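To start, the structure under review is shown below, and the notes come after it.
Atoms within each ligand, like the ligands themselves, are counted from 1 in listed order. Just so you know, these numbers use all the heavy atoms, side chains as well, and skip hydrogens, waters and symmetry mates. The structure presented is a predicted model; accordingly, all values stated were derived computationally and were not measured.
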Amino acid sequence: MIPPSDSRRVRPKRALKIVATALVAALALISLRVGGKPEAELSADLPGIGPRTVVTALGREPDRGLRRMTLELLQGERVTPLADREFEPRPVWSFWGESTAEAQIAVPVGSTVTEGLVAGEATLRLTLWRAGTWLRTPDPVTHELLLPVRLTPPRLSVLSSQHYPRQGGSETVVYRFGEHVVRHGVEVGERFFPGYPLPGGGGSFTLFAVPYDLASDATIRLVAVDDLGNRAERAFVDLLRPREPRHDMINVGDRFIERVALQIESQTPELTATGSLVERYLAINSGLRASNRKQIADLARDSAQEFLWQGAFTPMPNGQVMARFADRRTYFYEGREVDRQDHLGFDLASVKRAKVPAANSGIVVMTRFLGIYGNVVVIDHGYGLMSLYGHLSSFEVATGDRVARGQTLGRTGQTGLAGGDHLHFAVFLHGVATDPVEWLDQDWIDNRVLAKLGIATGSAS
Ligand SMILES: [Zn+2]
């Protein structure tokens, strides 16, 4: 038994022990409490390094936070520093407060941004330092990513000859390319026409259109791009034949505007009828026209990868041509010019509510009311080639139907922006309107498309 007087003497001793223990613990903490082992991740947006690949490095240390992060590119003896960042980790005695638990850097590497890069392989090395103490400096964590380096463009050779497209017309090019190519086709100014493998093998081909309004300094190039972004280009057009613009004047009156505006507005929810009659007309003639053209262009993305057509196109055999492709129209209202638009199809007139036959075989991809075109049928003929039939009064086919040449699609009418009963016939290649005249011509198709492709198809039946 301990006498009560003793316990009073023990208390300061115990307190001293507690303080000493705490001091030792604190000393141990500030000597030994380094940050946790950082986690490192490295990734690249391409499967290797070519002209420009973006490498993303990620470091993570949620305990005391990162201290430093470096990224280097190693090729043989050569070390190229790409990034070096330092951070302020949390102090050793602190369990909360500011720190960098996670950091990410994205750096472009490649022949266009990295000096001295050579073909072969390259190692990307991410190094992460964690917080240390006065006694301990833990080794940094490194993480590496090995990537192939390819700096030469893919092989690309043009197999076809005699490329002399007309402005506003279409053309075919046949070619062959080397390994790793992920994108190929023809660039016409800002537009891209994708290529496809030849159905019989032996190469690839692209059917493309030269926009009727292509800028005079725009280039036409066959391109092949590999998975690392290396790009081969060929200028293959022998001659670009210019197109003489044709001008046309159109007077629009109140009665015409009232009829078409009411009809189009009532079937176009995104169009709000505001302003005067002529303002409503202009909203349709320019704004809605542009958005309708985009809706048609969007259809091309899902175009079939097969030739669904055969021989020359024959839209409305008895139709009389009322307006031609790329007519430049100036619109007048009460004697003053109010708008300018280009007519990107053929207008064919016959009797009222005449039967409209499919100009060639294919798959119906649109049957609906589409703004300026009114009731419209669009047929996909494969490889981005489509034909359009506008202003119909009725439909006799449905979206998804497979149609044969000559099959009745519907009847002519004056729905949409039409002054009278007629058919608006248009041909598109990947959403770019092209002159239908070429596609109506069996000789042109034989020489400029089929002969180049080496495909023997039957002529118009
Ligand atoms: Zn038309």
I'd like to know whether the aromatic ring centres of Tyr196 and Tyr383 sit less than 6.0 Å apart in this structure.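 So the answer is yes for these two rings.
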Relative to the ring of His422, is the ring of His391 parallel (under 30°), tilted (30 to 60°) or perpendicular (over 60°)?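 Aromatic pair His391/His422 classed tilted.
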Determine the interplanar angle of the Phe205 and Phe307 rings, folded into 0 to 90°, and report it as parallel if under 30°, tilted if 30 to 60°, perpendicular if over 60°.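 Phe205 and Phe307: parallel rings.
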Opening angle between NE2 in His343 and OD1 in Asp347, taken at the Zn ion (ligand 1), to 10 degrees: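 So the angle at the metal works out to 100°.
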Metal site the Zn ion (ligand 1): N/O/S of His391 inside 2.8 Å: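 Checking the Zn ion (ligand 1) against His391, no N, O or S atom falls under 2.8 Å.
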Nearest to the Zn ion (ligand 1) - the N/O/S atom of His424, by atom name: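 The His424 atom nearest to the Zn ion (ligand 1), restricting to N, O or S, is ND1.
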Tyr373 and Tyr389, any side-chain heavy atoms less than 4.5 Å apart: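 Not touching, per the 4.5 Å side-chain cut-off.
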